[in-house]
Amino acid sequence: MANKYDSPGRILLALLGVGLLGHAQAASIAEWEGCSSITADIDRLACYDSVSGRAQPEAAPVPPADSQSASPPAPPPAVADAEPPDAGLLSALSRHWELDDEAKQGAFLFRPHRSNFFLPIKYSSSPNNTPFQGTFIQPDQGLDKLETELQLSFKIKGMEGVFGHDNADLWFGYTITSFWQAYNDSTSSAFRETNYEPEMILTYRTDYEIAGFRGRFINLGMVHQSNGRSEGLSRSWNRVYAQFGFERDNLALLIRPWHRISEDADDDDNPDIEDYLGHGDLQVVYRKGRNAYSLLLRNNFKSEDNRGAVKLNWSFPLYGRLKGYVQYFNGYGESLIDYNHSQQSFGLGVSLTEGM
């Protein structure tokens, strides 16, 4: 026979189970809501794992002190794009011709070639009036001793690593130099001379020692120079050259012998130009801080009728990248129209970029 208390006991147990379940559900909802209010991602995820009953990962055991000291330290993580060395550590020749891997900038970018400068004051001891007689110079007039000079020069690397040789680069250069009679009202302030000089240069990196200097490069070049005039004022010539670059600390030495490409006698505007401009030049460049000094020498190496030229340049800091520029010239061939005329000149102005 059934116990009369069985039914009420079962009902009581059922009610008790429902109450406990409701309490558990209420507690779980509160805990879930509490987890959602945590802002830190790691802590919020740990809270959700705790409420859901997911087991937490055990912490990795700490190795004994002896094993820690015995194991080598972990290598530092590799840097994907390491910064190149400070450009200031590269030499002037390396930066100018991109001789070191850290100096290379790729092809088809404009770089300075020779100096870029403007001399608003340029004084000549003996202006060359002879070629201009009967043109824009009248018999009773002449060129002013005071004029201005402007030079713009750039180069572009056409090929980096010629024919698969990493040590050889192909460059194209262009230089324009203008002499302007800016203060001469009698000639309507005309440009008396402008020289154009395109060239192609194959630069080959070298590394050898000679007399305490490091040989850095050999340039093989072809250059055309002309003044773009006709008839009696036309001057032009074409040359091939080899230039050898050396350096020692802040001193650079550039030796450039050249050979003139012959022309037909009927077309040659200046057949004796080598008697005045010689067969090469020597350039010395010294840098100290932001000051740069350069010396350019030419000579025809003839015991009789010895002719040549010397040019001195000095650039010094003014403001930012703007530099002061001082130039002194003495000899033949300051410009093509003056190739057979000797004079002294002194100029003062500004420079934006240095060159070689």
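- T177 and Q151 share a side-chain donor-acceptor pair at under 3.5 Å.
- Not one N or O on the side chain of D264 forms a donor-acceptor pair closer than 3.5 Å with the backbone of D266.
- Using modelled atom types, one finds no donor on one side chain facing an acceptor on the other under 3.5 Å when comparing N340 with D272.
- Nearest approach of S335 to R192, heavy atoms of both residues: OG-NH1, 4.1 Å.
- Using a 4.5 Å heavy-atom threshold, the side chains of W180 and E147 count as separate.
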Q) Does the pair Y196 and N227 meet the rule for a side-chain hydrogen bond (donor to acceptor under 3.5 Å, both in side chains), with working shown? A) CA-CA 6 Å; Y196 309 92; N227 62 358; over 6 Å; no

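- Looking at E247, R287, R248 one by one, the single match for side chain to side chain contact (heavy atoms under 4.5 Å, CB included) with S91 turns out to be E247.
- Side-chain contact annotation: T175 with R114, donor-acceptor N/O pair under 3.5 Å present.
- From L143, atom CG reaches atom CD of E193 across 11.0 Å, with rounding to the nearest 0.5 Å.
- Using a distance-only test at 3.5 Å, with no hydrogens or angles considered, no donor-acceptor pair links the side chain of N330 to the main chain of V310.
- Summarising the geometry, atom CZ belonging to F108 is positioned 11.0 Å from atom NZ belonging to K157; distances are rounded to the nearest 0.5 Å.
- Side chains of L297 and L295 form a contact here, defined as non-hydrogen atoms less than 4.5 Å apart.
- Heavy atoms from other residues, nucleotides or ligands lying under 6.0 Å from OH of Y328 number more than 12.
- G158 approaches F172 most closely through the heavy-atom pair CA-CE1, 4.0 Å.
- Defined by atom type and a distance below 3.5 Å, a donor-acceptor pair is present between the side-chain atoms of N128 and D338.
- Classified by interplanar angle (parallel below 30°, tilted 30° to 60°, perpendicular above 60°), the ring pair W314/F316 is tilted.
- Applying the 6.0 Å contact sphere to OH of Y208 captures more than 12 heavy atoms from other residues, nucleotides or ligands.
- In this structure, the side chains of F246 and I255 come closer than 4.5 Å at one or more pairs of heavy atoms.
- Following chains of ILVMFWY side-chain contacts shorter than 4.5 Å, one can reach V326 starting from L312, so the two form part of one hydrophobic cluster.
- Taking Ile, Leu, Val, Met, Phe, Trp and Tyr as hydrophobic and joining them when side-chain heavy atoms fall under 4.5 Å apart, one finds F217 in a cluster with L93, W97, L99, W171, I201, V223, W237, Y241, L254, W258, I273, Y276, L277, V285, Y332, L336, Y339, M356.
- Between Q181 and T187, the side chains place no donor N or O within less than 3.5 Å of an acceptor N or O (distance only, hydrogens not considered).
- Side-chain contact annotation: S94 with D100, donor-acceptor N/O pair under 3.5 Å present.
- Using a cutoff of 4.0 Å between basic side-chain nitrogens and carboxylate oxygens, K302 and D275 are scored as salt-bridged.
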Q) So N300 and H279, side-chain contact (heavy atoms from CB on, under 4.5 Å) or not? Walk me through it. A) CA-CA 6 Å; N300 62 4; H279 302 274; 5.5 Å; no

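- The pair D166-R205 meets the salt-bridge criterion, with a side-chain N (NZ, NE, NH1 or NH2) lying under 4.0 Å from an Asp/Glu carboxylate O.
- Between atom CG of residue D144 and atom OH of residue Y183 there is a gap of 10.5 Å, rounded to the nearest 0.5 Å.
- Taking OG of S345 as the start and NZ of K311 as the end, the distance is 8.0 Å to the nearest 0.5 Å.
- Using cut-offs of 30° and 60° for the angle between ring planes, the Y174 and F154 rings count as tilted.
- Heavy-atom minimum distance, S125 versus P127: C-CD, 4.0 Å.
- Transitive grouping of hydrophobic side chains (ILVMFWY, heavy atoms separated by less than 4.5 Å) keeps F179 and Y123 in distinct clusters.
- With 3.5 Å as the limit, one finds no donor-acceptor pair spanning the side chains of Q283 and D281.
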Q.
Would E354 and S115 count as a side-chain hydrogen bond (donor to acceptor under 3.5 Å, both in side chains) here? Give the steps.
A. CA-CA 5 Å; E354 298 170 357; S115 298; over 6 Å; no

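- Listed here is the closest heavy atom pair of S236 and D269: OG-OD2, 3.7 Å.
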(Q) Quick one, N116 with S153, criterion side-chain hydrogen bond (donor to acceptor under 3.5 Å, both in side chains). Give me CA distance, side-chain angles, the key distance, then yes/no. (A) CA-CA 6 Å; N116 289 271; S153 181; 5.5 Å; no

Q: Would you sort out whether S124 and E334 count as a side-chain contact (heavy atoms from CB on, under 4.5 Å), showing the intermediate values?
A: CA-CA 11 Å; S124 173; E334 186 175 26; 5.6 Å; no

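- No continuous path of ILVMFWY side-chain contacts below 4.5 Å connects I156 to L109, so the two sit in separate hydrophobic clusters.
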Q: Walk me through it: do L233 and I337 pass the test side-chain contact (heavy atoms from CB on, under 4.5 Å)?
A: CA-CA 7 Å; L233 295 179; I337 200 70; 4.2 Å; yes

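- The side-chain heavy atoms of L251 and V284, taken from C-beta on, include a pair separated by under 4.5 Å.
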Q) Can E304 and N306 be said to form a side-chain hydrogen bond (donor to acceptor under 3.5 Å, both in side chains), step by step? A) CA-CA 5 Å; E304 297 182 2; N306 183 268; over 6 Å; no

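- Put simply, F301 and L282 are part of two different groups of oily side chains (I, L, V, M, F, W, Y) that touch within less than 4.5 Å, one to the next.
- Of all heavy-atom pairs between A168 and L202, the closest is CB-CD1, 4.4 Å.
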Q: Could you check V350 against K323 for side-chain contact (heavy atoms from CB on, under 4.5 Å), going step by step and ending with a plain yes or no?
A: CA-CA 6 Å; V350 294; K323 295 186 176 184; over 6 Å; no

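- Ion pair D249/R214 not flagged as a salt bridge, since none of the NZ, NE, NH1 or NH2 atoms sits closer than 4.0 Å to an Asp/Glu carboxylate oxygen.
- The CD atom of Q344 lies 10.0 Å from the OG atom of S126; values are rounded to the nearest 0.5 Å.
- Side chains of S178 and E149: no donor on one and acceptor on the other come within 3.5 Å.
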Q | Pair F117-Y325, ring-ring contact (aromatic ring centres under 6.0 Å, His included): steps then yes or no | A | CA-CA 7 Å; F117 62 82; Y325 198 75; 4.8 Å; yes

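- Contact annotation: the side chain of N195 approaches that of Q225 to within less than 4.5 Å [non-hydrogen atoms, C-beta and beyond].
- For the residue pair S189 / N184, no side-chain donor-acceptor distance below 3.5 Å is found, with atom types taken as modelled.
- H113 and E199 share a side-chain donor-acceptor pair at under 3.5 Å.
- Cluster annotation: L119 and Y319 are assigned to distinct hydrophobic clusters (Ile/Leu/Val/Met/Phe/Trp/Tyr, side-chain heavy-atom contacts under 4.5 Å, transitive).
- There is a side-chain donor-acceptor pair under 3.5 Å between N219 and T203.
- Atom-to-atom distance recorded for R216:CZ and D207:CG is 6.5 Å, nearest 0.5 angstrom.
- Nearest heavy-atom pair, E263 versus D268, reported as atom, atom and distance to 0.1 Å: OE1-CA, 3.9 Å.
- Side chains of R239 and H224 form no contact here, defined as non-hydrogen atoms less than 4.5 Å apart.
- Side chain of K155 to backbone of P112: a donor-acceptor contact under 3.5 angstrom is found.
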